[in-house]
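Taking it in order: structure first as structure tokens, then the write-up.
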Amino acid sequence: MKQHIADLIQHAIDALKAAGEFDTDLVPKIQIDNTKDKQHGDLACNVALTLAKVARRKPRDIAQLICDHLPASDSVTKTQIAGPGFINFFISQDATQAIIGKVLEEADHFGRNNTGAGHKVQVEFVSANPTGPLHVGHGRGAAYGASVSNLLEASGYEVEREYYVNDAGRQMNILAASLWLRYLQQAGEDIVFPSNGYQGAYVNDIAKQLHQQVGDALTHSASQVMANLHVDGPEGDKEKHIDDLIARAKDLLGETNYELVFDAGLDSIRDDIKQDLHGFGVDYQHWFSERSLDQDDQINRAINKLQEQDHVYEDGGALWFRSTAFGDDKDRVVKRDNGQTTYFASDIAYHLNKFERGMDTVINVWGADHHGYITRVKAALQALGIDPKRLVVKLVQFAILYRGEERVQMSTRSGSFVTLRELREEVGKDASRFFYVTRKSEQHMDFDLELAKSQSKDNPVYYIQYAHARICTLINKLAQDNMAWDSVMGLGQLEKLNEAAEITLMQQIALYPEVLANAASNHEPHQIAHYLKDLAGNFHTYYNAHRMVIDDEQLRNARMCLCMAARQVMANGLDLLGVDAPEHM
RNA sequence: GCGCCCUUAGCUCAGUUGGAUAGAGCAACGGCUUUCUAAGCCGUGGGUCGAGGGUUCGAAUCCUUCAGGGCGUACCA
């Protein structure tokens, strides 16, 4: 409809150019807006205001000229010039009612578009260290990334959802050491567990399993394990203590057995994360292992590529990437003086790899604490000859957890945290998925567990699901009363739908495609959430004021068409957010 | 110190990329059910859009200064 109005205005302006009223090289930007106030019609155009300066005329005069030259249209019943020079359009009821047939015909596909056709985009999200179960903080990234992926898919993009498994580095070695020590405890050794180890009960569980699988094959005496270590904190140095333990584990176990322990921890936790996310309605096309970069020598290859372009230099025994040449505050080390490559070097290789896989655009969903990395990663891409604009980083602010008034403290290391799984079990997938994306991602967010758990109307997801279920119940009610919904008859009688609540509901339904398009292009799933709340509200108002199961079969079928169209849009929108659309509540 | 993000009703948040009189939910108050799900609907009150300055026909939105909050500023990952 907006396009139609824009075409009409373009016609008028072309006619005015031909008549010599406007310069022929005038290229107006025609923008059509939905009006806030229905007194201003349904759609409004501000073109007369924007043209005023270049055309050197008063806005209202321009608006009048345009109105006088607008071609006739069946969809427009009235135009008016208002305020400083807006042109308001009143849309005919026929045109408004037509949306119902479109929704029912297109069903699941209603609202989708093809702006991303032929465009490959990767969305990488969550990507938490596989050192423990996901906690509630990861949930927001998961819900956001999944919804953004769905939005892009609904806009025609070819989407790959990817999880970057940080299975290399010190934290993983700490996990392996923690696991081994728990295993030794299982085997009956008297081990004092390090303060800096992973203390969560899940490490014990994995250790128990490992012990069942391999028996005492990995056992060494406590005295051997604990001999000559730096003293643990707080009296000593907990970092040195744990590093000693890692070295001891590698030493006593040997490479093969150390890897066995390491992999037992990694595989178990990664699989657990995978299942957890699946239960959260989040599934990936690809799990990318950080270790594989090193194994395939991709890190060195990336560094060499930078070196070829002279973006790397040596200083103090280390290799530095000259990121300052691309806007970074300081240069960054890619290879340490001990010969080890840095995490940043892996990241360069990883991002190079992404684009070499043929992605047109890469979206990274990162926790807000990683914002300092954006500049350097983009710098690396630029140095590698890849347009940094093809990398889009979306920062997700932390959700601060509350139980009622009380703030919940979280720490993975100490094991006292609320896991995503607990959240799912307590709150439910639907409420938590919805709750996470009702707020703009870069907005700080208070997540009150009590509130999310309560099945009250504070929880907007119930409000929407309830609306959906109510419509499904109507169909059942019809059947009970030996009536059936005849959509053909209903669609032929749409002109009967002229109650104010019906018009409002139809207009809201008609808005869905542009809300979806806008949410997708801005990566803002919260727009869908808010839209659905409004749509459900419009439906409840309608439902409360009018009856659908009535004897007048023409009106009944027409109303059912409207209700079913509303139901379809709710189902489509909820699906994008990963929320179920139940038939009963 | 420097950099990024944020500040809108008592609370939690929207605000369609610069449009007309800034909205919703919750909380408060008052109504609505012999009826298809009251997990609902209708109504009332509530604002210096953090503060000042600027840009223009027009600013919550863009620029600038300041205040407050969060995060980051590793040869950690």
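- Contact between the side-chain N/O atoms of A:Lys36 and the OP1/OP2 oxygens of B:rG19 is not found at any separation under 4.0 Å.
- Within the 4.0 angstrom heavy-atom criterion, base atoms lie near A:Gly316.
- The A:Arg470 side chain lies nearest to B:rG40 when the options are B:rG40, B:rU56, B:rC36.
- Aromatic rings of A:Tyr531 and A:Tyr512 (six-membered ring for Trp) have centroids within the 6.0 Å cut-off, being under it.
- If you take CG of A:Asp33 and P of B:rG58, they are 19 Å apart, rounded to a whole angstrom.
- Shown are A:His370, A:Glu162, A:Lys354, A:Lys394; of these, the side-chain hydrogen bond (donor to acceptor under 3.5 Å, both in side chains) with A:Asn364 is made only by A:Lys354.
- In the set B:rC41, B:rC75, B:rC36, the nucleotide with an atom closest to the side chain of A:His540 is B:rC41.
- Atom pair A:Arg547:CZ and B:rC36:P shows a separation of 6 Å (rounding to whole Å applied).
- Here the nucleotide nearest the side chain of A:Met548, chosen from B:rC36, B:rG40, B:rC75, is B:rC36.
- Distance, A:Lys378 NZ to B:rG3 C1': 16 Å, rounded to whole Å.
- In this structure, A:His370 reaches the bases: a heavy-atom distance under 4.0 Å links it to at least one base atom across the strands shown.
- Nearer to the 5' terminus of RNA chain B, by closest-nucleotide assignment, is the contact made by A:Asp37 (compared with the other of A:Asp37 and A:Glu583).
- If you take NE2 of A:His40 and C1' of B:rG58, they are 14 Å apart, rounded to a whole angstrom.
- Contacts of A:His468 with the nucleic acid, taken as non-hydrogen atoms under 4.0 Å apart, are absent.
- Between the CG atom of A:Asp369 and the C1' atom of B:rC6 there is a distance of 16 Å, rounded to whole Å.
- Phosphate proximity of B:rC41 to A:Tyr463: present, with a side-chain N or O under 4.0 Å from OP1 or OP2.
- Between A:Thr35 and the phosphate of B:rA20, there is no side-chain N or O to OP1/OP2 separation shorter than 4.0 Å.
- If A:Gly169 and A:Leu43 are placed on RNA chain B by their nearest nucleotide, the residue sitting closer to the 5' end is A:Leu43.
- Out of B:rC36, B:rG40, B:rG15, the shortest distance to the side chain of A:Lys477 is found at B:rC36.
- Comparing atom distances between the A:His371 side chain and each of B:rC4, B:rC75, B:rA20 picks out B:rC4 as nearest.
- Residue contacts shown for A:His530 are limited to sugar-phosphate atoms, with no base heavy atom under 4.0 Å away.
- You'll find that the side chain of A:Asn46 is closest to B:rG19, out of B:rC75, B:rA20, B:rG19.
- Nearest nucleotide to the A:Leu49 side chain, out of B:rU16, B:rG15, B:rG19: B:rG19.
- Comparing B:rG15, B:rG40, B:rC36 by their nearest atom to the side chain of A:Glu524 picks out B:rG15.
- For the pair A:Lys330 and B:rG3, the criterion of a side-chain N or O lying under 4.0 Å from OP1 or OP2 is not met.
- Residue contacts shown for A:Gln397 are limited to sugar-phosphate atoms, with no base heavy atom under 4.0 Å away.
- The side chain of A:Tyr462 sits closest to B:rA39 out of B:rA20, B:rA39, B:rG40.
- If you take CZ of A:Arg556 and P of B:rC36, they are 16 Å apart, rounded to a whole angstrom.
- The distance from atom CZ of A:Phe86 to atom C1' of B:rC57 is 10 Å, rounded to the nearest whole Å.
- Here B:rU73 is in the anti range [glycosidic angle more than 90° from 0].
- Counting to the nearest Å, the C1' atom of B:rC36 and the CG atom of A:Asp481 are 8 Å from each other.
- Using a 4.0 Å heavy-atom criterion, one finds that A:Ala545 contacts no nucleic acid atom at all.
- Partner A:Met564 forms a side-chain contact (heavy atoms from CB on, under 4.5 Å) with one of A:Val569, A:Ile475, A:Leu474 and no other, that one being A:Ile475.
- With a cut-off of 3.5 Å on both pairing distances, B:rA20 has no Watson-Crick or G-U wobble partner at all.
- Side-chain N/O atoms of A:Lys440 include one lying less than 4.0 angstrom from OP1 or OP2 on B:rG15.
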